[in-house]
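So the structure is just underneath, and the comments pick up after that.
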Amino acid sequence: MSRYRLTPSAAQEAVLREHCAHARYVWNLAVEQQSWYGAAGRGTAPGWVAQARQLTEARAEHEWLAAGSQMVQQQALRDFGQAMTNFFAGTHRKPTWRKAGRDEGFRIVAVKPGHVRRLNRTTAQIWVPKAGWVRFRWSRPVPEGVKSYRVNRDQASRWHVAFAAVPEPVPGPGNGEVVGIDRGVAVTLALSDGTAYQAPAARPVARLQRKLSRSKRGSSRRKRIRAQLARVQARNADARKDWAEKASTGIARRYDLIRIEDLKIPNMTRSARGTRDAPGRNVAAKAGLNRSVLQQGWGLFARRLEDKAPGRVEKITPAYTSQRCSACGHVDRESRKSQADFLCTACGYVCNADVNAARNIAAGHAVTARGGLALAGPMNREPQHALLAS
């Protein structure tokens, strides 16, 4: 999606908030209806068409619901139907309740060409039902032929509009170059050709989090601190997204084949707290490492890279790639002298540890637990020295 910053007036913001409330209310009714049918075994819950009829009856009965946009409310039901379809297909989680202040947004369809128009070099406007023409920042051209858009408000009280359009993939250079990418905490991305990318440092939030924990619930001070914390976190997220977009675009333009570690980030950042019967160890250190990993934006970068270079990204098993010498293939954990230094104990090859791992990934090497190689493609294996000696 192409997202832009909305700048509504005070009156328009009130209308947008009402649209968000109606969409959230209809969504939660659909969640409750689904749980009612599923808990008691009452059969199959109504689909989108039946729910649309029920919505029409509810709008005729309740004036406050009829005062809102029918399109906004119907699209909330359609979004719920799609969410249930994705859940039954096994690709997404089951849709749950939406909460005020956290889930603020709605979708508009049947967008006509005249509903989006540019005013000057930096400003454009879009037609929103019940709100009229709402201005937004023209940071780049709006994709042609858009049929729908989504308006949302984040926890930093910022409004955005996102147009539903699938961007064209980034074309490859056609030079046949292959690159491997090693992801780390000290160096976010280390490429096999020696290039390095570093994610932006996050602005500290610990002080605001402490102040928030000490403030009284429901107080004006707590609301003010919560808003300050949300703004800092939003700026960190924006910087991380901007970096991921630029890094993925640059790499997709420079290389024809891109190989990257197949990391299970949710498993890597799982809490080490344990249970009451089996408490974890070094919980605070593991929590700090988890925060550092999540701040690097590994998953966001990999996802955007696959979107921009479809069919040109291969995922390699990361097992032992940091312990294998990219020059001779010898595997030894003692070769990794430090976070940044690699010195092969067999051939004496010296290299940056992250670059060495990236070169193993570029070659498609995934080392098994026994020290053998699982190769991305067919390759002639050299005889082992033990066999030659016998």
Side-chain angles (χ1 to χ4, degrees), residues 91-94 96 99 101-103 154-156 180-191 196-215 225-226 228-248 260-307 313 315-323 333 336 338-340 352-355 357-358 360-361 366 369:
T91 58
H92 293 71
R93 298 179 182 177
K94 188 175 183 179
T96 57
K99 181 181 179 181
R102 184 191 63 188
D103 304 302
D154 60 17
Q155 296 188 23
I181 303 177
D182 177 74
R183 290 176 283 181
V185 175
V187 179
T188 306
L189 302 178
L191 275 59
Y197 290 84
Q198 189 65 45
R203 296 172 175 83
V205 296
R207 182 179 62 86
L208 290 174
Q209 289 175 338
R210 289 194 298 268
K211 292 176 64 176
L212 181 65
S213 64
R214 295 166 184 168
S215 60
I225 297 174
R226 186 191 296 271
Q228 294 175 357
L229 179 60
R231 284 194 294 269
V232 175
Q233 291 175 335
R235 294 185 67 183
N236 288 337
D238 289 345
R240 189 162 52 246
K241 291 178 182 178
D242 180 71
W243 170 84
E245 293 289 345
K246 293 178 179 178
S248 58
I260 192 170
E261 298 169 294
D262 187 12
L263 299 179
K264 308 300 181 183
I265 300 176
N267 297 342
M268 295 174 60
T269 56
R270 187 172 297 166
S271 175
R273 185 176 303 173
T275 62
R276 179 178 299 179
D277 298 332
R281 295 182 299 176
N282 299 326
V283 178
K286 181 61 166 62
L289 177 61
N290 292 347
R291 285 193 297 269
S292 300
V293 169
L294 295 176
Q295 288 172 0
Q296 304 304 313
W298 292 350
L300 176 62
F301 165 77
R303 183 168 65 251
R304 296 301 294 137
L305 186 62
E306 290 178 324
D307 294 339
V313 178
K315 291 188 175 181
I316 305 299
T317 304
Y320 300 94
T321 52
S322 62
Q323 301 178 14
R333 62 182 302 178
R336 185 75 181 256
S338 64
Q339 187 279 326
N352 179 273
D354 297 326
V355 175
N360 287 327
I361 296 170

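Please read these numbers as outputs of a predicted model, since none were measured by experiment.
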Test log, rule side chain to side chain contact (heavy atoms under 4.5 Å, CB included), inputs Ile260 and Asp182: CA-CA 7 Å; Ile260 192 170; Asp182 177 74; over 6 Å; no
Nearest-0.5 Å distance, [atom1] of residue [X] to [atom2] of residue [Y]:
| X | Y | atom1 | atom2 | result |
| --- | --- | --- | --- | --- |
| Asn236 | Arg231 | CG | CZ | 13.5 Å |
| Ile225 | Gln209 | CD1 | CD | 12.0 Å |
| Thr321 | Glu261 | OG1 | CD | 5.0 Å |
| Gln295 | Asn290 | CD | CG | 11.0 Å |

With a sphere of 6.0 Å drawn around CZ of Arg102, does it hold more than 12 non-hydrogen atoms of other residues, nucleotides or ligands? yes
Which pair of non-hydrogen atoms, one from [X] and one from [Y], has the smallest distance, and what is that distance?
| X | Y | value |
| --- | --- | --- |
| Pro200 | Ala239 | CG-O, 3.6 Å |
| Ala358 | Leu191 | CB-C, 3.7 Å |
| Ala156 | Ala230 | CB-O, 3.8 Å |
| Ala357 | Ser322 | CB-CA, 4.0 Å |

Residues in salt bridge (charged side-chain N to carboxylate O under 4.0 Å, His left out) contact with Lys99, at least two apart in sequence or another chain: none
Tell me whether [X] is salt-bridged to [Y], with the criterion being a basic N under 4.0 Å from an acidic carboxylate O.
| X | Y | result |
| --- | --- | --- |
| Glu306 | Lys315 | yes |
| Asp238 | Arg203 | no |
| Arg304 | Asp307 | yes |

Can you find a heavy atom in the side chain of [X] that is under 4.5 Å from one in the side chain of [Y]?
| X | Y | value |
| --- | --- | --- |
| Arg240 | Glu245 | no |
| Asn267 | Arg270 | yes |
| Gln339 | Asp354 | yes |
| Gln198 | Gln296 | yes |
| Arg214 | Arg210 | yes |

Side-chain donor/acceptor of [X] to backbone N/O of [Y], under 3.5 Å:
| X | Y | answer |
| --- | --- | --- |
| Thr317 | Ala319 | no |
| Asp262 | Ile316 | no |
| Trp298 | Val293 | no |
| Lys211 | Arg226 | no |
| Gln228 | Leu208 | no |

Run the side chain to side chain contact (heavy atoms under 4.5 Å, CB included) check on Phe301 and Tyr197 step by step: do they pass? CA-CA 11 Å; Phe301 165 77; Tyr197 290 84; over 6 Å; no
Sole residue of Thr188, Ile361, Leu305 in side chain to side chain contact (heavy atoms under 4.5 Å, CB included) with Ile181: Leu305
